[in-house]
S.K.: 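The structure is given below, and queries will be raised subsequently.
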Amino acid sequence: MKEQIVILTGAGISAESGLGTFRDEGGLWAKHRIKDVATPEGFMRDPELVLGFYNMRRAEAVKATPNAAHVALAALEAAHDVLIVTQNVDGLHEAAGARNVLHMHGSLARAMCVRCEARWDAPLVMRVTDTCPECGAAATRPDIVWFGEMPYGMEEIDAALREATLFASVGTSGNVYPAAGFVAEARRMGVPTVELNLEPSAGHSMFDEVHVGPASEVVPKWVNALCRS
Ligand code: BV8
C-alpha cells in the first residue's frame with residue numbers, strides 16, 4: 001500500500017556523518033550559548049561571533065557525506081509519498097538523493113538580507129562586510145531560523161500531517177517546538193507514529209512504535225520493512 005509519510009529529522013540522523021548534535025555529550029550547546037549564537041538578539045550583539053559559528057558549521061557540512069540513514073530515506077521516495085521535514089541545516093538529505101525536503105529551520109547553504117529579505121546561495125565564508133546582491137546593504141545573515149523566529153513551511157507541514165498515513169521522527173531529542181509538537185498533532189489526527197532514535201527521546205511515550213539504535217542501522221531496517229509491506 002502506498003503510504004503518505006511525513007518524516008521529521010534532527011541532528012541525530014547526521015551524527016554518523018560526523019556532524020555535531022546539540023544536546024549530546026560535548027554537543028554544540030555545550031560549547032556555545034544558544035542566546036549568543038542562535039538568536040536574532042545574539043546576532044545583533046555580535047554578528048562576527050555568529051557568522052563565525054555558522055562558517056565553522058558550513059565548512060563541516062560541506063565535507064560531510066550522507067550515511068545509510070539519509071540514503072534509506074531517499075530510497076523510500078520510490079515506493080511511497082514522502083515529505084522529509086528536517087530541522088537540520090546541512091544538505092545531507094539532498095546529497096543522498098531525497099527530492100521532497102523541507103528545511104523548517106533554514107539551511108547553511110543559504111543567506112539572506114536583514115533589510116530587504118532577499119535570499120541567495122551563501123558563500124562558504126560569510127563576513128559582516130558582505131553586501132546584499134539585491135539592495136546592496138551590508139546587512140547579510142545566514143538563512144537560518146533562530147530561537148524566537150518562525151520556522152519555515154508550517155502551513156505545508158500542517159497540511160502534510162493532515163494527509164499523512166504515517167509520521168516518523170528520526171534522530172531528534174524532541175526538545176524544540178514547534179517540531180517537537182508534530183507527534184502530538186499526528187496522534188490527534190489518528191496518524192500512526194514511529195520514533196527512530198539512538199535513545200528514547202523526551203516524547204518517546206507519544207509514539208506507537210520506538211526503534212532504538214544508531215540511525216544508520218535502525219532506519220534502513222525500518223525502510224526495508226516498509227518497502228516489503
Ligand atoms: C518559535 C537553528 C515562535 C539552526 C534551531 C517554552 C516551551 C515551548 C516552546 C518554547 C519555550 N520557550 C521558547 C520556546 C520556543 C523555542 C523552543 O522550543 N525552545 C526550547 C529550547 C524550549 N522554539 C523557537 O524559538 C522556534 N520558534 O517558537 O517561534 C514564533 C511564532 C510566531 C511568530 C514568530 C515566532 C524556533 C526553533 C528553531 C531554533 N533553531 N536551529 C542551527 O543552528 O542548527 S534549533 C536546533 O535544536 C535544531 O535546529 C533542532 O531543531 C533543535 C533540536 O535539536 P535536535 O535536532 O533534536 O538535536 P539534539 O542534539 O537536541 O538531539 C539529537 C538527538 O539525536 C538525540 O535524541 C540523540 O539521542 C539522537 N542521536 C544522536 N546520535 C544519533 C542519534 N539518533 C540516531 N542515530 C545516531 N547516531
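We count ligands from 1, going down the list as the structure has it; atoms in each ligand are counted the same way.
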S.K.: Going by heavy atoms, is Met104 under 4.0 Å from ligand 1?
M.R.: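 Not so, Met104 does not reach ligand 1.
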S.K.: With respect to atom 26 (C) of ligand 1, which of Phe22, Phe147, Tyr177, Phe53 exhibits the smallest heavy-atom separation?
M.R.: Tyr177
S.K.: Ignoring hydrogens, just give me the one of Val176, Asn88, Leu108, Val218 whose non-hydrogen atom is nearest atom 52 (C) of ligand 1.
M.R.: Val176
S.K.: So for ligand 1, is Val145 a polar contact partner (N or O within less than 3.5 Å, distance only)?
M.R.: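 Among all N and O atoms of Val145, at least one is under 3.5 Å from an N or O of ligand 1.
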S.K.: Side chain, backbone, both or neither: which applies to Tyr54 and ligand 1 if a contact is any heavy-atom pair less than 4.0 Å apart?
M.R.: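 Side chain only.
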S.K.: Is the shortest distance from a heavy atom of Gly27 to ligand 1 less than 4.0 Å?
M.R.: no
S.K.: Is the closest protein non-hydrogen atom to atom 6 (C) of ligand 1 under 4.0 Å?
M.R.: no
S.K.: Out of Val219, Asp24, Ile144, whose heavy atom is nearest to atom 68 (C) of ligand 1?
M.R.: Asp24
S.K.: Tell me whether the rings of Phe207 and Phe167 are parallel (<30°), tilted (30 to 60°) or perpendicular (>60°).
M.R.: parallel
S.K.: Run down the list Gly174, Ala38, Ala15, Gly213 and name the one with the heavy atom closest to atom 73 (N) of ligand 1.
M.R.: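 That would be Ala15.
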S.K.: Nearest heavy atom to atom 36 (C) of ligand 1 wins, so pick from Glu195, Met154, Glu149.
M.R.: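 Result: the heavy atom closest to atom 36 (C) of ligand 1 is in Glu149.
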S.K.: For atom 67 (O) of ligand 1, find the nearest protein heavy atom and state the residue, atom name and distance (0.1 Å precision).
M.R.: Asn197 ND2, 2.9 Å
S.K.: Heavy atoms only: which of Thr39, Asn175, Ile13 is nearest to atom 20 (C) of ligand 1?
M.R.: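 Looking at heavy atoms only, the winner is Asn175.
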S.K.: Would you say atom 15 (C) of ligand 1 makes contact with the protein, given that contact here means a non-hydrogen protein atom less than 4.0 Å away?
M.R.: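 It does not: no protein heavy atom is found less than 4.0 Å away from atom 15 (C) of ligand 1.
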S.K.: Strictly less than 4.0 Å: does any protein heavy-atom distance to atom 57 (O) of ligand 1 fall in that range?
M.R.: yes
